[in-house]
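Below: the structure, in structure tokens.
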Amino acid sequence: MNKATVKDLCRLTNNYLGRRIQINGWVRTVRASKAFGFIELNDGTFFGSVQVVYDENLPNFKEISKLITGSAIRVAGVLVESPGAKQPFELKADSIEVEGLSAPDYPLQKKRHTFEFLRTIAHLRPRTNTFSAVFRVRSTAAYAIHKFFQERGFVYVHTPIITGSDAEGAGEMFRVTTLAFDQTPRDEKGAVDFTRDFFGKETNLTVSGQLEAENYAMAFGKVYTFGPTFRAENSNTPRHAAEFWMIEPEMAFAELQDDMDLAEEMLKFVISYVLENTPEEMQFFNSFIDKSLFERLDNVVKSEFGQITYSEAIDILKKSGQQFEYPVEWGVDLQTEHERYLTEKHFNKPVFVTDYPKEIKAFYMRMNDDGKTVAAMDLLAPGVGEIIGGSQREERLDALEKRMDELRLNKEDYWWYFDIRKYGGTRHAGFGLGFERLIMYLTGMTNIRDVISFPRTPKYAEF
RNA sequence: UCCUCGAUAGCUCAACGGUAGAGCAUCCGGCUGUUAACCGGAGGGUUGCUGGUUCGAAUCCAGCUCGGGGAGCCA
């Protein structure tokens, strides 16, 4: 007898029809009658379930008829064509063994739940249709990311999670310490004495692997990171989490245009790969989560992304005749309403905005010849806003140091970052992609907490 | 952090100043190739918390807690 998966049965039905097989899975629902019954069984390998038919010939017929939703069972029987209209085949059980009975207070009902409630049972929600689909797509998308970069010669770098540089410039950080915080050691001035901490210095969870990735790009040419990232910002929005995953490619001998080309190619690749390899899940999202999903994704894959400078974007916004809550002026950062206008109304496709004023961008971005703007790019996408942020990095040591002086950054912390400019530095560029935002874009899910298995947000670290 | 909306049975919701209900889930029974199965019955509630107004509060008011949406920060 073959052990099979629901995915096998659905994809390779003819190989299994008429044969005796075993399926292990969890009960989605039982419809029991006096002398027979049906079980909807899902084994997690596939979006769909398999219908199991059983009758009173089973020695444990009564027990099976009383199975509670969520129970784990092992079913053996012959796969046959189904007379029912809703499924092409079904499993005619000759044996059903209960692996693990579910308790009567199993919280998932057959009718629909709100996502808010399901967040409170994040340990059980992957057993629902939506989350089953979300996390299978997430897995497939992660694979697609690796496939994309690996096939193009990028080396996967694991950058540190604990970082000693306290000024990467990407926001509030979580401190990492073994000091007892109710009696921290103090120096002569009364300040906390971090020399007595585990690492002998102040350390935090990383907010970005970029600086380290730049170093590795100067050895391997093309690298990427893909790992967890932490921001201690008090952001209470559907688009922010304290712990999320980020992808950060970095290329030596590359300029901003190369960076944008890479970002565009990568996005199109991942979208195509996911559409091709998880069609049932994507169909589900298009039907029940976001009815314009396919249209939107198709549009992205087929279109040439737009590309304008920040200055051009300001002009477009000024001439738009739109009333914005935040007035548009050269020098101010683009607000969400501005970004949405550009990508959803003006272009109606993803658009790169480049060459921002230096004042509103990070210190490491390369100064343009005008002395006012830097070689930065944000990719704005309809529906989600900023999905990628990147730049060409400042490779000229003097220009970098000058900029850091202006911003009063402590240059001593960056000696190793300066070294790659000193010892055979090259033009180089990279970007950061928030993985969860990509998943939101791919699935139409509108809350980041619903695309992370166990989300961490302000005031919330359950599970 | 700011603005705004909300919190009633395990879940999804109704009742909007006068005895707190339904569907699903659970338990018991019936029945049919069923498919958000169906039919009958039962149990299940300090209406988020604290205080106030009132003869009387789920309902009106205030504060707090938690959650949703929008904004800021960002990916």
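Reminder, nothing fancy here: chain letters follow the sequence lines and each chain counts from 1.
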Under 3.5 Å donor-acceptor pair, A:His113 side-chain atoms to B:rC11 base atoms: no

Using the C1' atoms only, state how far B:rG18 lies from B:rG6, rounded to an integer number of Å. 26 Å

Do A:Arg296 and A:Tyr441 meet the cation-pi criteria used here (NZ or CZ under 6.0 Å from the six-membered ring centre, within 45° of the axis)? yes

Rounded to the nearest Å, what distance is computed from the CD atom of residue A:Glu116 to the C1' atom of nucleotide B:rG48? 16 Å

Of the nucleotides B:rC31, B:rU35, B:rG72, which one has an atom closest to the side chain of A:Thr336? B:rG72

Regarding A:Pro107, tell me which of base, sugar-phosphate or nothing describes its non-hydrogen contacts under 4.0 Å with the strands shown. nothing

Counting any heavy atom closer than 4.0 Å, what does A:Phe435 reach on the DNA or RNA strands: base, sugar-phosphate only, or nothing? nothing

What integer number of Å spans the C1' atoms of B:rG23 and B:rC38? 14 Å

When the C1' atoms of B:rA62 and B:rA22 are considered, how many whole Å apart are they? 33 Å

Using a 4.0 Å heavy-atom cut-off, does A:Lys66 contact any base of the nucleic acid, only the sugar-phosphate backbone, or nothing at all? sugar-phosphate

If you only use heavy atoms from C-beta on, which nucleotide in B:rA36, B:rG33, B:rC74 is closest to the side chain of A:Arg231? B:rC74

Pairwise P distance, B:rC64 and B:rA20 [rounded to whole Å]: 31 Å

Hey, could you give me the NZ/CD distance between A:Lys358 and A:Glu394, rounded to the nearest 0.5 Å? 11.5 Å

Using both distances under 3.5 Å as the test, list the Watson-Crick or G-U wobble partner of B:rA42, or none. B:rU26

Hey, is the side chain of A:Lys111 poking within less than 4.0 Å of OP1 or OP2 on B:rG23, counting only N and O atoms? no

Against the side chain of A:Phe117, the closest entry in B:rU26, B:rA71, B:rU12 is B:rU12

Say we look at B:rG17 and B:rU54: how far apart would their C1' atoms be, to the nearest angstrom? 9 Å

Expressed as a whole number of Å, how far does the P atom of B:rC11 sit from that of B:rU53? 33 Å

Classify the side chain of A:Gln87 and the base of B:rU34 as holding, or not holding, a donor-acceptor pair under 3.5 Å. yes

Separation of the C1' atoms in B:rA58 and B:rC49, to the nearest angstrom: 14 Å

Using a 4.5 Å cut-off on heavy atoms from C-beta on, say whether the side chain of A:Ile162 contacts that of A:Thr206. no

Indicate yes or no: does A:Arg427 engage A:Glu395 in a salt bridge with an N to O separation below 4.0 Å. no

Determine, using ring centers only, whether A:Phe115 and A:Phe131 are less than 6.0 Å apart. yes

Tell me the interatomic distance from A:Arg31, atom CZ, to B:rG33, atom P, rounded to whole angstroms. 14 Å

So, the side chain of A:His113 versus the backbone of A:Gln109: is there a donor-acceptor pair under 3.5 Å, distance only? yes

Can a donor-acceptor pair be found between the side chains of A:Thr229 and A:Trp245 at a distance below 3.5 Å? no

Can you tell me how far P of B:rC74 sits from CZ of A:Arg456, to the nearest Å? 25 Å

What is the nucleic acid contact for A:Tyr326, judged by heavy atoms within less than 4.0 Å: base, sugar-phosphate only, or nothing? sugar-phosphate

If B:rU1 has a Watson-Crick or G-U wobble mate with both distances under 3.5 Å, name it; if not, just say none. B:rA71

Please state whether the phosphate of B:rC31, meaning OP1 or OP2, lies under 4.0 angstrom from any side-chain nitrogen or oxygen of A:Lys34. yes

Rounded distance in Å between the P positions of B:rU8 and B:rA15: 14 Å

Under 3.5 Å, is there any donor-acceptor pair linking the side chain of A:Ser235 to the base of B:rC74? no

Under 3.5 Å, is there an N or O donor on one side and an acceptor on the other linking the side chain of A:Glu337 and the base of B:rG70? no

Let's test this: given Watson-Crick or G-U wobble pairing with both distances under 3.5 Å, identify the partner of B:rU65. B:rA7

Sugar-phosphate only, base, or nothing, as touched by A:Ile448 at under 4.0 Å among non-hydrogen atoms: base

In whole angstrom, what separates A:Arg449's CZ from B:rG67's P? 8 Å

Quick one: label A:Asn236 by what it contacts on the DNA or RNA (base, sugar-phosphate, nothing), any heavy atom closer than 4.0 Å. base

Give none if B:rA15 has no partner; otherwise give the nucleotide forming a Watson-Crick or G-U wobble pair with it, both distances under 3.5 Å. none

Base partner of B:rU47, which must satisfy Watson-Crick or wobble distances under 3.5 Å: none

Would you mind reading off the distance between A:Lys361 atom NZ and B:rC74 atom P, rounded to a whole angstrom? 8 Å

Would you say B:rA37 has OP1 or OP2 under 4.0 Å from some side-chain N or O of A:Lys110? yes

Do A:Asp43 and A:Lys7 sit within salt-bridge range, that is, some charged N less than 4.0 Å from a carboxylate O? no

Could you check how far CZ of A:Arg239 sits from P of B:rG68, rounded to whole Å? 16 Å

Whole-Å distance separating the CD atom of A:Glu172 from the P atom of B:rU1: 13 Å

Rounded to whole Å, how long is the line connecting atom NE2 of A:His240 with atom P of B:rG68? 15 Å

Polar side-chain contact A:Gln109-B:rU12 base: donor and acceptor under 3.5 Å: no

pair_partner(B:rC60), Watson-Crick or wobble, both distances < 3.5 Å, evaluates to B:rG52

